[in-house]
Amino acid sequence: MSEPHYLKISDIQRCSGKRVAIDTETTGLNWWECELTDIGLYCPDAGVSGVISTLDYGVAAEAKAEIQRWSPGTVTILHNAKFDYHFLNVNPRDYGWNCIDTTVLIHLLDSRYLKSLVSAELVFLGENSKRGYVESAPAKTKIWNWPPDLRAVYCENDAIVTYQLAEELVPQITDWGLWGLFEKDMQYLAIILDIETYGIVADQEFMANSKRALDKRLVFLAEQLYEAVGHEFNWRSTKQLSKALYDDLGIAKPKNPFAGADGIDHSRFADAGKYKSTCTSTFLLTEKVHHPCGELVSALRETALMISFLKKWHELVATDGIFHSNFNITGTRTGRLSSSKPNLQNVPSEVRGRFTQSVFTGDTTRTDEYNLRKAFVARKGMTFLSVDYSQMEIRTFAILSKDPNMLTAITSGEDVHLYIALKIWGDCGPEINKIHREWSKTISFGLLYGMTVGSLQYKLNMDRARALDVIAQYKNYFPRIDPWMREIIERCKEFGYVRYWSGRIWREEDPIYFYRGCNALIQGGSADMLSIAAIRVSEWCRSQKNPTDYHIVNLVHDEIITEVPEWDVERCAKEIAELMQVEDIFGIPYVTEPKWGPSYGDIVKKGKDASEYEKKKNEFEEQYEDIEEEVEA
DNA sequence: AAATCGTGCGCG
DNA sequence: AAAGCGCGCACGATTT
């Protein structure tokens with residue numbers, strides 16, 4: 001092992017204004033409760049290479065303060081910058097530093113690359129310098145428990161590798177014409193750093209009440225099921241469930257819809273084991289197996305899932321009652337954001353079961369203990385303001401494909417799906433129009449994602465000829481759909497990638513997946529637009545008279561949620577909704593819709609009756625009592 | 001005992 | 001219940 005190079009506090013200032021790679025080691029991943037153990041710096045222009053050991057709290061504070069004195073224009077280079085910045089308690093934007101995050105460089109070159117430093121070094125520098133250190137460390141020991149000298153050389157090495165990666169990758173990014181997009185993503189990263197730091201408050205009382213009610217509900221439902229079947233079993237196991245329903249209870253098992261007249265599945269999927277012979281999906285159980293046990297299992301699954309959300313959240317909420325979720329800008333194939341610990345992008349809402357397997361089966365409203373968005377609340381005196389885009393992806397499709405009729409549809413100001421349905425199939429009376437509207441929705445989203453005829457006939461329960469006819473009518477009305485899709489597939493064939501309006505590159509070499517490029521352009525193109533909107537909203541927040549009262553708290557693909565003073569919400573709604581239209585980008589406004597309320601589960605459009613909240617609350621209390629009685633009985 | 005895969009489902 | 005895109009997470013079953 002090489003000797004560690006311990007730096008003096010005074011060495012830190014030598015990096016100011018220069019290109020400096022930073023790597024930190026810490027006592028854990030949770031930056032809001034863990035400590036820095038080391039700060040590695042590599043700045044060849046200043047002749048600095050080494051580590052500040054920050055095990056001493058005073059030294060850590062001193063080192064952080066010195067770093068904060070770096071002048072504007074200092075180029076900080078980090079691998080997964082958000083992590084280190086959280087521990088250093090700084091946002092590079094606030095100090096005028098440039099930031100180069102090497103994971104983002106990699107992601108922009110090809111979103112399929114793994115982002116770990118080991119993998120990056122191997123792919124782009126052809127080495128694995130970490131291995132030696134890891135092998136000389138005590139087996140299965142966390143880095144923060146390593147001997148300090150070993151950790152120091154490891155940390156310094158990571159900083160050096162990060163610097164080398166930037167040297168290698170920045171010219172590649174420039175060559176591909178991606179530098180502008182990279183700078184945008186670095187601005188985005190700074191905002192996400194703010195969002196994570198500020199966090200979102202947990203309503204732990206709601207979580208506890210909801211959990212209690214759901215636990216009882218689960219026991220009650222399970223007992224019902226076991227009684228019906230005649231014995232206990234693990235309903236979570238598809239194997240055991242299949243046996244209980246179709247063998248023990250003798251319910252008729254749904255026929256394989258892909259089987260031919262001889263009852264045998266001759267499709268190309270049959271051998272691949274794609275047909276799940278247990279037949280226990282919720283879709284089958286509720287739509288095809290008409291038996292109360294199907295409903296029971298469906299309710300059990302929903303209840304169990306809600307409980308698992310609550311259990312996870314209980315572990316994740318910090319001691320100050322705040323969630324510090326993690327948003328990853330390099331986590332998806334298309335350029336969307338992903339969220340974890342907790343995932344703030346898949347929180348169950350009040351509306352349940354809109355679709356089962358994408359087949360419309362009617363909306364139902366969840367009672368309060370199932371409306372888990374209520375677990376996220378605004379701080380005292382504040383309110384959540386959620387502004388989302390209407391039909392964002394259809395709008396992006398219209399703009400990218402320049403389909404004249406689709407552009408008219410989205411700028412008409414009408415209900416887009418109904419508008420399309422009426423244009424294609426005419427006014428057939430309210431009942432039939434409703435069906436046509438569902439068709440239109442299924443086809444619109446299906447086409448965007450590359451749905452096949454077979455799938456549509458299955459989804460809409462039509463024969464092949466009818467499904468083909470419906471698609472033909474749709475495509476006949478929107479003449480640019482087919483040509484646009486063909487162009488994208490052609491580009492994939494020719495270049496091995498397609499470019500978004502933003503310049504982002506989506507790569508694919510396998511012809512069987514070229515069709516996914518259409519979805520990537522729409523989904524990812526929308527994501528790049530939302531990120532720009534978020535950057536502007538963040539700037540707006542910081543330009544307010546009292547900026548500490550205005551924060552973004554969540555981003556959900558087509559929605560920006562801010563926390564603003566309750567008294568000021570109407571003005572905020574108006575200004576942010578307008579700002580988010582970003583009309584300057586395409587010359588066409590993205591229509592936005594503001595809603596607000598005291599919790600994420602209780603945001604409604606302006607004008608909705610406040611007594612609605614009290615009404616639901618009472619229903620919750622009643623239902624909770626019912627469950628208590630049910631269980632006791 | 002731990003890692004990985006398969007299934008299922010929440011969201012857009 | 002495969003066929004339409006993109007995620008994160010929990011759990012059972014299976015593999016190492």
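Every chain is numbered from 1 and lettered A, B, ... according to where its sequence line falls, protein lines coming before strand lines. None of these values were measured; they are calculated from a predicted model.
Less than 6.0 angstrom separates the ring centroid of His324(A) from the ring centroid of Trp31(A). The aromatic ring centroids of Tyr474(A) and Trp439(A) lie 6.0 Å or more from each other.
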**Message:** Let me check I have this right: for DNA chain C, each base becomes ., (, ), [, ] or |, based on Watson-Crick or G-U pairs with both distances under 3.5 Å. What is the full string?
**Reply:** ....||||||||||||
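A salt bridge is absent between Arg333(A) and Asp110(A); no separation between the charged side-chain nitrogens and carboxylate oxygens falls under 4.0 Å. For the pair Lys402(A) and Glu487(A), the salt-bridge criterion is not met [side-chain N within less than 4.0 Å of a carboxylate O]. Between Lys82(A) and Asp101(A) there is no salt bridge, since no side-chain nitrogen of the basic residue lies less than 4.0 Å from a carboxylate oxygen of the acidic one. The existence of a salt bridge linking Arg466(A) and Asp469(A) is confirmed by a sub-4.0 Å separation between a basic side-chain nitrogen and an acidic carboxylate oxygen. By the 4.0 Å N-to-carboxylate-O rule, Glu350(A) lies too far from Arg373(A) to be salt-bridged with it. Taking 4.0 Å as the cut-off between side-chain N and carboxylate O, Arg112(A) and Glu509(A) count as a salt-bridged pair. Between Lys374(A) and Asp203(A) there is no salt bridge, since no side-chain N of the basic residue sits under 4.0 Å from a carboxylate O of the acidic one. Between Glu302(A) and Arg366(A) there is a salt bridge, with a side-chain nitrogen of the basic residue lying less than 4.0 Å from a carboxylate oxygen of the acidic one.
Distance NZ/Lys211(A) to CD/Gln204(A): 14.0 Å, rounded to 0.5 Å.
Remark: Thr238(A) is not in phosphate contact with dG12(C), judged by side-chain N or O atoms under 4.0 Å from OP1 or OP2. Proximity of Asn519(A) to the phosphate of dG6(C): no side-chain N or O atom is located under 4.0 Å from OP1 or OP2. Contact between the side-chain N/O atoms of Lys239(A) and the OP1/OP2 oxygens of dT14(C) is found at a separation under 4.0 Å. Here Ser281(A) does not reach the OP1 or OP2 of dT7(B): none of its side-chain N or O atoms lies under 4.0 Å away. In this structure, Ser237(A) reaches the dA13(C) phosphate: one of its side-chain N or O atoms is under 4.0 Å from OP1 or OP2.
You'll find that the side chain of Gln240(A) is closest to dA13(C), out of dT7(B), dC5(C), dA13(C). Candidate nucleotides dG12(C), dA10(C), dG12(B) were compared by shortest atom distance to the side chain of Val556(A), and dG12(B) ranks first. Of the candidates dC5(C), dC11(B), dC11(C), dC11(C) carries the atom nearest the Arg236(A) side chain, counting heavy atoms from C-beta on. When distances are taken from the side chain of Lys312(A) to each of dC9(C), dG12(C), dG10(B), the shortest belongs to dC9(C).
For Arg395(A) and dG12(B), the CZ to P distance is 18 Å, given to the nearest whole Å. For Leu316(A) and dC9(C), the CG to C1' distance is 11 Å, given to the nearest whole Å. Between the NE2 atom of His557(A) and the C1' atom of dC7(C) there is a distance of 6 Å, given to the nearest Å. Summarising the geometry, the separation between CH2 on Trp313(A) and C1' on dG8(C) is reported as 13 Å, rounded to the nearest angstrom. Regarding Phe309(A), its CZ atom lies at a distance of 17 Å from the P atom of dG8(B), rounded to whole Å. As rounded to whole Å, 11 Å separates atom P of dC7(C) from atom CD of Gln345(A). Atom-to-atom, CD1 of Ile560(A) to C1' of dC11(B) comes out at 17 Å; the value is rounded to the nearest Å. Between the P atom of dC7(C) and the CD atom of Glu393(A) lies a distance of 13 Å, rounded to the nearest Å.
For the side chain to side chain contact (heavy atoms under 4.5 Å, CB included) with Leu245(A), the qualifying choice from Val289(A), Leu285(A), Thr278(A) is Leu285(A), the only one to do so. A side chain to side chain contact (heavy atoms under 4.5 Å, CB included) with Tyr590(A) is found for one member of Ile399(A), Ile410(A), Asp558(A) and no other, namely Ile399(A).
In this structure, Lys288(A) and Gln523(A) both approach DNA chain C, and ranking their closest nucleotides by distance from the 5' end singles out Lys288(A). Judged by closest nucleotide on DNA chain C, Tyr449(A) is the one of Tyr449(A) and Lys311(A) placed further toward the 5' end.
Gly446(A) comes within 4.0 angstrom of a nucleotide base, judged by non-hydrogen atoms across all strands. Within the 4.0 angstrom heavy-atom criterion, only backbone atoms of the sugar-phosphate kind lie near Tyr515(A); the bases stay farther away.
Residues from residues 332-344 of chain A that place a heavy atom under 4.0 Å from any atom of DNA chain C, listed by number: Thr332(A), Arg333(A), Thr334(A), Arg336(A), Ser338(A), Ser339(A), Ser340(A), Lys341(A), Asn343(A). For residues 478-487 of chain A, proximity to DNA chain C is found at no residue, defined as any non-hydrogen atom under 4.0 angstrom from a strand atom.
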